[in-house]
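Here the structure is laid out as structure tokens; the discussion comes afterwards.
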2 protein chains.
Amino acid sequence: MPSQHGYALLGMLSLHPMSGYDLKELIDRSIRYFWKEGYGQIYPTLKALEAESLVMREVEHHAGRPDRFVYHLTEQGWEALRAWLMQPTFTITPTRHELLLKLYFGRHASAATLLPQVEQYRAIHEHLLQQYNAIEGHLLHDHPEYAADVPYWVLTLHHGQQICRAMILWCDETAQMLRASQDPA
Amino acid sequence: MPSQHGYALLGMLSLHPMSGYDLKELIDRSIRYFWKEGYGQIYPTLKALEAESLVMREVEHHAGRPDRFVYHLTEQGWEALRAWLMQPTFTITPTRHELLLKLYFGRHASAATLLPQVEQYRAIHEHLLQQYNAIEGHLLHDHPEYAADVPYWVLTLHHGQQICRAMILWCDETAQMLRASQDPA
DNA sequence: GTTCGCATGTAAAGAGTTACATGATTGT
DNA sequence: ACAATCATGTAACTCTTTACATGCGAAC
């Protein structure tokens with residue numbers, strides 16, 4: 001039974017066979033908004049997946065280049081991926097939100113010090129939203145060979161967009177409240 | 001310079017002096033939606049805060065009860081809290097979202113297996129939203145002595161509410177897409 | 001000749017969670 | 001008697017991140 005990291009790699013390898021290096025690159029260009037992996041995670045995980053016969057490695061030699069170990073899913077790997085997709089998902093509530101923590105104790109700060117932090121939070125989500133929108137616009141054009149996958153990828157983009165929009169609204173409301181609290185009126 | 005945990009405890013102690021046990025209890029009843037601490041974190045952190053003279057402990061003896069170590073902020077503690085509130089916030093993007101990971105590879109699963117997972121995600125947020133609403137309704141009534149803090153606490157509730165509403169919308173849209181994909185039509 | 005990109009990995013440090021240890025009182 | 005609550009802490013463990021090690025080729 002692979003770990004969550006294992007399933008992430010199995011999923012990525014379902015797109016096409018890849019090396020550990022490629023996996024890192026692709027993850028950073030695709031699912032990075034909700035999933036990150038480093039080499040320190042990828043290489044040992046690939047080894048474990050191979051030991052479980054869920055992936056197979058093949059060596060590619062290139063003259064005057066480092067060898068590449070290209071991994072592809074085995075039939076058992078496909079099976080494990082499908083089995084995982086069917087399992088109920090443990091939703092981990094992401095705890096630890098520093099800005100909320102600060103706002104919770106906001107009474108002891110001035111609006112002038114809190115407002116920029118809220119504005120920055122807003123800017124981050126505004127920027128993210130534009131990134132999501134841009135990606136959505138190019139998705140089909142950039143990856144015509146994955147047309148069957150694109151609708152699913154769009155779902156994950158919409159998730160991010162919804163959150164960004166919600167956060168922008170919240171920032172505006174929060175900024176208004178903070179401004180009102182400092183208003184002498 | 002305290003850690004993030006340290007600031008969370010300083011903030012809590014700004015409400016009123018407390019023991020480590022009380023801190024855990026109060027955190028679990030107030031900021032648990034965006035901040036969690038266990039005893040394994042609280043007690044060592046209190047020790048560190050005391051070593052930095054940001055808090056002071058006083059011993060309370062109770063006949064036939066364990067001693068209580070009640071901590072309160074020192075003047076330096078108040079200063080550290082205010083200084084932290086002014087610092088720019090490092091927004092940590094919470095990475096690792098298993099449901100999105102599954103949906104990303106959703107092509108290899110049937111809508112029938114993905115839909116319940118989306119529905120469960122929706123139910124969680126629906127439930128959370130109702131909790132937030134209930135808390136908001138009782139907040140002032142339950143804590144009249146913290147009337148000056150309540151507006152800030154409400155801000156953090158609204159944050160949660162916005163996210164829940166966004167997620168409910170997203171789930172509905174996602175469910176619709178999944179149903180359409182399995183429709184023979 | 002120095003840096004950047006390809007390519008694979010290991011080791012150590014840091015953070016976080018969970019389980020355990022203790023011990024008294026109060027309620028069932 | 002037995003479980004639960006109050007109360008403080010430690011130890012172990014896992015999980016994650018970061019830094020390091022290596023080496024070649026191509027570009028600047």
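Below, chain A is the first sequence line, B the second, and so on; all start at residue 1. Being a predicted model, the structure only gives us computed values, none of them experimental.
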>> Between B:H5 and C:dG16, is there a contact of a side-chain N or O with OP1 or OP2 at under 4.0 Å?
In response: yes
> Regarding A:R107 and the six-membered ring of B:Y152, is the cationic atom NZ or CZ under 6.0 Å from the ring centre and inside 45° of its axis?
Replying inline: no
> So, is B:R96 close to the D:dT16 phosphate, meaning a side-chain N or O under 4.0 Å from OP1 or OP2?
Replying inline: yes
> Listed in order of residue number, which residues of residues 11-33 of chain A have a non-hydrogen atom at under 4.0 Å from DNA chain D?
Replying inline: none
> Do the side chain of B:Q182 and the main chain of B:L178 share a donor and acceptor less than 3.5 angstrom apart?
Replying inline: no
> Considering only heavy atoms from C-beta outward, does the side chain of B:L129 approach that of B:Q161 to under 4.5 Å?
Replying inline: yes
> Considering only heavy atoms from C-beta outward, does the side chain of A:E50 approach that of A:L46 to under 4.5 Å?
Replying inline: no
>> Check for me whether the distance between the ring centres of B:W35 and A:Y104 falls short of 6.0 Å.
In response: no
> Using the ring of each side chain (for Trp, its six-membered ring), is A:Y121 parallel, tilted or perpendicular to B:H159, with breaks at 30° and 60°?
Replying inline: tilted
>> Just the rounded figure in Å: distance from P of C:dA7 to CG of A:L46.
In response: 15 Å
> Under 3.5 Å, is there a donor-acceptor pair between the side chain of B:H143 and the main chain of B:Y146?
Replying inline: no
>> Looking at C:dG9, I'd like to know if its phosphate oxygens (OP1 or OP2) sit under 4.0 Å from a side-chain N or O belonging to A:R57.
In response: yes
> Between B:T95 and B:Y71, who's closer to the 5' end of DNA chain D by nearest nucleotide?
Replying inline: B:Y71
>> Need one value for B:K47: base, sugar-phosphate or nothing, where a base atom within 4.0 Å counts as base even if backbone is also close, heavy atoms only.
In response: sugar-phosphate
> Taking a pair as Watson-Crick (N1 to N3 plus N6-O4 or O6-N4) or G-U wobble (N1-O2 and O6-N3), both under 3.5 Å, which stems of 3 or more consecutive pairs involve DNA chain D?
Replying inline: C:1-28 with D:1-28
> Is the shortest heavy-atom distance from the side chain of B:Q117 to the side chain of B:L99 under 4.5 Å?
Replying inline: yes
